[in-house]
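What follows is one structure encoded as structure tokens, with my remarks underneath.
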Amino acid sequence: MNQPGTPIDPATPEVLAWLAAQTARGCGRPSLFKSMLDAGWQAAVAARIMQLTADEDAAFGALRAPPVVVAGALPFASLDASGTMVDAGDKWVQVTTHRQAPELMVFANLLSPAECNALIDAARPRLSRSLTVDTKTGGEELHPDRTSQGMFFTRSENAVVQRIETRIAKLLNWPVQNGEGLQVLRYPPGAQYRPHYDYFDPREPGTPAILKRGGQRVATLIMYLFEPEAGGATVFPDIDVQVAPVRGNAVFFSYAQAHPDSRTLHGGDPVTAGEKWIATKWLREGEFV
Ligand code: PD2
Ligand code: ZN
């Protein structure tokens with residue numbers, strides 16, 4: 001096995017010779033791909049070595065390893081006896097929407113107006129055009145799917161951030177240390193966040209490097225800090241859910257599988273008037289360092 005991060009070309013002469021020999025024996029392309037997976041090759045690497053066409057890639061999908069299922073528990077909110085309230089430590093929070101498969105909740109007034117303002121004021125001077133994690137390298141890149149501006153707080157960076165992180169940890173039964181730093185995004189008019197998954201695609205070559213900092217993402221909490229005058233809903237096309245960006249409210253969803261079967265495809269609709277501000281907390285399997 002290659003050491004993670006070692007930039008070597010996996011298509012060694014030995015592998016290419018083996019592929020040629022199998023082909024000469026009459027072994028078909030699907031069987032060849034399956035043999036590589038059985039021998040422990042990652043699907044994305046095998047696909048690259050075999051130079052699969054887009055059609056083959058789609059057709060061989062069923063041969064790939066089953067979705068990566070995150071072992072162990074997931075973040076979750078424990079409802080009280082009424083089924084509508086959750087204890088978040090320093091306050092009780094009302095659940096206005098609750099769905100399963102995927103687990104999804106909308107919380108009302110998770111943040112106070114003063115907390116929303118404090119995050120915006122601290123974030124504003126540090127905004128820059130949003131980056132996303134580059135799944136090819138594990139670094140960061142400017143991404144055309146995200147036309148907002150953003151910044152990251154470090155964990156516990158100031159008193160308000162610390163208070164909110166402690167509240168989220170209690171709300172979702174998940175250790176503070178397993179959370180990434182809060183990300184704040186500002187969407188000016190016209191900005192949007194095209195539909196995507198928040199987990200890191202196991203087939204991407206940069207994913208092993210990303211996962212070293214606490215494993216997979218297993219849940220997302222998007223908190224609305226400032227309401228646009230129009231547009232800006234968070235949408236989940238696979239489950240036909242739209243969440244209005246109401247100031248202080250938040251939407252939570254978890255994903256046990258780093259796979260589209262999680263049905264957690266989601267995006268931010270374009271803001272059509274005014275500005276939208278959010279803070280996102282992504283939760284990892286393990287301690288985020
Ligand atoms: O701002 C949103 O509605 C949004 C949509 C999709 C935020 C995120 N993803 C995110 O922060 O991951
Ligand atoms: Zn997202």
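All values below were derived from every heavy atom in this structure, side-chain atoms included, with hydrogens, water molecules and symmetry-related copies excluded. Both ligands and their constituent atoms are indexed starting at 1 by order of listing.
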Region of Gln183 engaging ligand 1 - heavy atom pairs below 4.0 Å: neither
The Zn ion (ligand 2) - name of the N/O/S atom of His196 that sits closest to it: NE2
Closest approach to the Zn ion (ligand 2) by Asp198, given as the N, O or S atom name: OD1
Flag, side chain of Arg155 to backbone of Gln177, donor-acceptor distance under 3.5 Å: yes
Asp269 contact mode with ligand 1 (heavy-atom cut-off under 4.0 Å): neither
Asp198 neighbourhood, listing ligand 1 atoms whose heavy-atom distance to it stays under 4.0 Å: 12 (O)
Between Thr264 and Tyr199, a side-chain donor and acceptor under 3.5 Å: no
Contact atoms of ligand 1, heavy-atom distance to Lys276 under 4.0 Å: 1 (O), 2 (C), 3 (O)
Close-contact set for ligand 1 against Gly267 heavy atoms, below 4.0 Å: 5 (C), 6 (C)
N, O or S atom within His266 nearest to the Zn ion (ligand 2), by name: NE2
Ligand-side contact atoms (ligand 1) for residue partner Tyr187, heavy atom cut-off under 4.0 Å: 1 (O), 2 (C), 4 (C), 7 (C)
Distance filter under 4.0 Å to Trp282 heavy atoms, resulting ligand 1 atoms: 10 (C), 11 (O), 12 (O)
Closest non-hydrogen atom pair, Glu157 against Arg126: OE2-NH1, 2.5 Å
